[in-house]
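First up is the structure itself, then whatever we jot down about it.
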Amino acid sequence: MSLSAAKSQPGSARMDKIKVSARNIVKRFGATIAAADISLDIRDGEFLTLLGESGCGKTTLMRIIAGLEAVDSGAILIDGRDVTALSPRERNLGMVFQQYSLFPHMSVAENIAYGLRVKHKGEAEISKTVDEMLELVRLPDLRERRPAQLSGGQQQRIALARALATRPSLLMLDEPLGALDLKLRRQLQAELKRIHRESGTTFLFVTHDQDEALFLSDRVAVMRAGQIEQLDDPTRIYCNPANRFVADFVGDVTLLDCEYDAMRGGIALEGGGFAPMTLDVDRRCITLVVRPENVRLAPAGGGEGLACKVEDVAYQAGTTLCTVRLPSGAVLKSRGLGAPSPDFVLGGEALAHLDDCRVAFIREGPA
Amino acid sequence: MSEARTWNSLRAVAAAAVYGFLIIPLLVVVLFSFSDKSFFTFPPSGFSLKWYQAAWASERFLGPAVRSVVLALLSTLIAVIISVPAALAMRKMHPGRLRAAIEFLFLGPLIVPALIVGIALLYSFTKVGLIDTFPGLLAAHALIVFPFVFRAVLTSVVNLQQHLIDASAILGAGPLYTFRRIVLPALVPGLASGAIFAFIVSLDQFTVSLFVTQTEQAVLPVAIYKYLYDVNDPVVAAVSTVLVVFGLAVAVVIDRFGWLRHLGGTSG
Amino acid sequence: MSRATEGKRNWAVWALLGPGLAFIALLLIVPVIDMTLISFRSESFGQILPGFTLANYTSLVRDGTYVQIFLQTFLAAALVTVLCILLGFPVASLIADAPAKWRGLLYFLVAAPLLVNTVVRTYGWLLILGRKGLVNETLAWAGLIEQPLALSGNYVGLIIGGTQVFLPFMILSIASSLVAIDRRLIESSAILGAGPVRTFINVTLPLAMPGVIAGSVLVFSLMLGAFVTPLILGGTAVKYLSVAIFTDALVLFNLPRATALAMVLLLVALLLYALQKRLLRRFEYYA
């Protein structure tokens, strides 16, 4: 594999090709529905993440694509070929588990070579590929070590190398960073992004960590109860959530029930207060999606804005997160750059301005 | 996937055959005990309870059976009394050669084959006049079952959390109170499983019993063997059936506690 | 900790150990030392004579009968061990892969026979393998044999009975290793393209080795020292170490020779114990 040749860029010609296609996948475990008619196309070379809470069916969908789990109905296509009836070994895939799952009785080199040996590659080619893979994951000196002698981060890189060595059509990663501490996780996220780029392999990633999903992915599929709620690129998932669930699940958010008054050009909050804004909705009763960066606080007594009470001020390395409560009881969070302002003290009054809120959902009620 | 399925079916068939192999001697004994003939026939014919009556009437089993049960109870008790302080002492010792050596000594009766224990005790007991006496038999059985109790209690002791003991002391409890309210309750599961295994091992113990007794102090397995040697009729099957039922009943009980699969280290 | 409390602690430790150490010393160490000493004495008509001799040991090597006994005993133990591995693996593997609700029952059926008296289990085999036992009667009834097959009172009966008596230990030991294998390792192997046979040889088997070794050493030592099964199923036709020791001690009253034989068994048992610890250390992948 030439590591630099197969770079993938969003929107490139390669990405128009469909690598893996899941069609109308249905899977039940007793009474629980793990996949309720899921269809999903994974584009060639992209980094696609299945994001959702545990039990939403994301891991099951991945295991179905891998062939580790049989479908009740539906089909899996890899490179346009129907592989639904094939066993995992016949699908040419790669998989990395959260628990690394390196063979403990084999050295690092033997682990990486395993899939190549199975495919009866020549020793010279195996040795060359092992070196390439170790180079790719930047651990060239660990060839003869046993997995037990490696740190968690190192083990996970070797697991990546082992999975990529066979040049799989698709690399699946099941919460691969879940067992690592925060700092190491951040470091490996960047590594993953680089390895994805350099190897040119299509990645299917499963996680419950939304930050990780948004940071890593070309596209994210937000899942709930065996269904995909939204499949989009990270910016659109965050800025244009398709429904309340996605809006609530991704990022820090307040869902504000209010009435939109197109005549006055703003929203009227339950329990009093008016905030001017222009929204593209045709109903009165709406739920507004408010992110911390949409809320700007001003000192009390400075004219208009939503009167509120400061409940918490927290400095978070570079930004300050203020939590305020509206008279209606609704809680808003406001993120501002820099250290906390002396204007806002616990229990004190403030005025909240809602800037640039663009997303609102229609809710039940009079039109 | 079909390759894996063939593989799995083959395995299931093989496993079923092995299960049959494990169970069949027990089944045959039970079937034979209800036979109306004194020799084995195939296909089986007739049904009778006369061998059970004969076993009950015979002088050769009841005494040894009672002796076996009393022996098992008392030897287990002795093993428990010696094991608890010994296991607690192991906890206080620093890990090292001395600790390992003492642990090896305490597990000795399990490591040394029962036959060796039997022949060694045969000579020693003859010297001090303990051969064919109940105290001698009891000492031998206590020795054999001791490692089973010790090992089980040691596991509990090792798992005992030091911070619980510290917490008890900080709350003002004296060592004895801590022992009674914290240490002892923590040892109960290990003690109970160890004691049950010890009881079973004592009941099962044939070899050592044979070496340290003659005619006066026969235990049940030895009585069965001698009857088999002398007479060999289905009376043995009737007595054996009682032991099969007893064994399975104990198995059901300890399975409830989840201890059955830890049987891996029992002697044969 | 101050020296005084350290000293007090030591004192307490030895006080707690005291009863146990005295118990083991009196009933195991001293008798085994006595036994060792007797193996260097000679005897005449059941009387142990004073003096020191190596004759009991040299005769073990010179006397063809004893060499034969050792060989047969070791061979039987090895054969039973191999049979236990072969028969035990499918069962252990079935248990390890079984869903939780079945696993309990499968374990139960393996372990329950262990709680039935060994004499009784061996007697069951006598009923099956005897001249007029289940197998011979069935075969005769089916018209397959004229004369009963010799299945007990010989090597065949000994091997079959020994295998059944010790098989549960092997199954439990292998199963505990197999249960501990992370399923994802098997799945990884499949995804990397390996078939079930290759996965078994390259992944499952190496990872099951600690269980196989522990089980093998246990079964081998148990069979080597087994007494009930050879006595009842082997009969007098089979030369077995334990039966020979028993005969020498309690039938011929030649205690020096019996103890010399016993010393061989003891040394082998201790050797196996040491060997097991060393072997298992080689397979500690997760250390």
Residue Phe150(B) versus chain C: region with a heavy atom under 4.5 Å: neither

Please find the pair of heavy atoms, one from Tyr19(B) and one from Leu94(C), that lie closest to each other, and give the distance. CE1-CD2, 4.5 Å

Select one option (side chain, backbone, both, neither) describing which atoms of Ile102(B) are under 4.5 Å from chain C's heavy atoms. side chain

Spacing of Ile144(B) atom CD1 and Leu27(C) atom CG [to the nearest 0.5 Å]: 10.0 Å

Decide yes or no on side-chain contact (heavy atoms from CB on, under 4.5 Å) for Leu270(C) and Phe104(B), but give the supporting numbers first. CA-CA 11 Å; Leu270(C) 293 177; Phe104(B) 176 77; 3.9 Å; yes

Give a yes or no on whether Leu267(C) atom CG has more than 12 heavy-atom contacts from other residues, nucleotides or ligands under 6.0 Å away. yes

Interchain contact, Phe246(C) with chain B, by part (heavy-atom threshold 4.5 Å): both

Between Asp97(C), Thr199(C), Ile171(C), Ile232(C), which residue shows the highest count of heavy-atom pairs closer than 4.5 Å to chain B? Asp97(C)

Using non-hydrogen atoms only, which part of Val117(B) is less than 4.5 Å away from chain C: side chain, backbone, both, or neither? side chain

Measuring heavy-atom distances to chain C, does Phe206(B) have an atom under 4.5 Å in its side chain, in its backbone, in both, or in neither? side chain

Considering only heavy atoms, which portion of Ile116(B) lies under 4.5 Å from any heavy atom of chain C: side chain, backbone, both, or neither? both

Euclidean distance, Leu115(B) CG relative to Leu265(C) CG, rounded to 0.5 Å: 6.5 Å

Which atoms of Ala17(B) are under 4.5 Å from chain C, going by heavy atoms: the side chain, the backbone, both sets, or neither? neither

Under 4.5 Å from a heavy atom of chain C, the part of Phe246(B) involved: neither

Backbone of Val112(B) reached by a side-chain donor or acceptor of Tyr273(C) within 3.5 Å: no

Can you tell me which portion of Leu203(B) sits under 4.5 Å from chain C's heavy atoms? Options are side chain, backbone, both or neither. backbone

Tell me, do Val29(B) and Trp125(C) make a side-chain contact under 4.5 Å, heavy atoms counted? no

I need the minimum non-hydrogen distance between Leu22(B) and Gln164(C), along with the two atoms involved. O-NE2, 2.8 Å

Contact summary for Pro25(B) and Arg121(C), nearest pair of heavy atoms: CB-O, 3.8 Å

Pairwise distance CG(Leu122(B)) to CD1(Ile245(C)) - rounded to 0.5 angstrom: 12.0 Å

Ranked by heavy-atom pairs below 4.5 Å to chain B, first place among Leu231(C), Val30(C), Leu126(C), Ile29(C) goes to Leu231(C)

Applying side-chain contact (heavy atoms from CB on, under 4.5 Å) to Leu105(B) and Leu28(C), what does each step give before you reach the verdict? CA-CA 9 Å; Leu105(B) 278 184; Leu28(C) 189 68; over 6 Å; no

Between Thr122(C), Ile33(C), Leu129(C), Val116(C), which shows the greatest number of heavy-atom pairs under 4.5 Å with chain B? Val116(C)

Residue Ala140(B) versus chain C: region with a heavy atom under 4.5 Å: neither

Taking the side chain as every heavy atom from C-beta outward, state whether Leu114(C) and Asp204(B) have any pair of such atoms under 4.5 Å apart. no

Determine the option with the most heavy-atom pairs under 4.5 angstrom with chain C, choosing from Ser83(B), Gly108(B), Ala142(B). Ala142(B)

Of the listed residues (Val245(B), Leu210(B), Leu220(B)), which shares the most heavy-atom pairs with chain C below a 4.5 Å separation? Leu210(B)

For Leu248(B) and Ala112(C), the nearest pair of non-hydrogen atoms, with its separation, is CD2-CB, 3.8 Å

Chain B contacts, top residue of Leu26(C), Asn117(C), Leu106(C) (heavy-atom pairs, under 4.5 Å): Asn117(C)

At a 4.5 Å cut-off on heavy atoms, which part of Ile160(C) comes close to chain B: side chain, backbone, both, or neither? both

How long is the straight-line distance from CG of Leu143(B) back to CD1 of Ile24(C), given to the nearest 0.5 Å? 5.5 Å

So, the part of Ala258(C) with a heavy atom under 4.5 Å from chain B: the answer is both

Please work out whether the ring planes of Trp7(B) and Phe200(C) are parallel, tilted or perpendicular, with thresholds of 30° and 60°. perpendicular

Contact part of Thr163(C) toward chain B, heavy-atom cut-off under 4.5 Å: side chain, backbone, both or neither? both

Chain C shares the most heavy-atom pairs under 4.5 Å, among Ile111(B), Thr241(B), Val239(B), Ile200(B), with Ile111(B)

Separation between CD1 of Ile119(B) and CE of Met263(C), rounded to the nearest 0.5 Å: 11.0 Å

Val110(C) versus chain B, the contacting section by heavy-atom distance below 4.5 Å: both

Under the rule for salt bridge (charged side-chain N to carboxylate O under 4.0 Å, His left out), what residues qualify as partners of Asp132(B), not counting sequence neighbours? none

Let me know if Leu21(C) has heavy atoms under 4.5 Å from chain B in its side chain, its backbone, both or neither. both

Side chain, backbone, both or neither: which part of Leu17(C) has an atom under 4.5 Å from a heavy atom of chain B? both

Result for side chain to side chain contact (heavy atoms under 4.5 Å, CB included) between Tyr123(C) and one of Val28(B), Leu243(B), Val236(B) points to Val236(B)

Could you tell me which of Gly225(C), Ser93(C), Ala92(C) has the largest number of non-hydrogen atom pairs under 4.5 Å with chain B? Ser93(C)

Check whether Leu224(C) gets within reach of chain B through its side chain, its backbone, both or neither, counting any heavy atom under 4.5 Å. neither

Heavy-atom closest pair (Leu167(C) atom, Phe21(B) atom, distance to 0.1 Å) is CD2-CD2, 4.0 Å

Partner chain B: residue of Gly20(C), Gly124(C), Pro31(C) with the largest heavy-atom pair count (under 4.5 Å): Pro31(C)

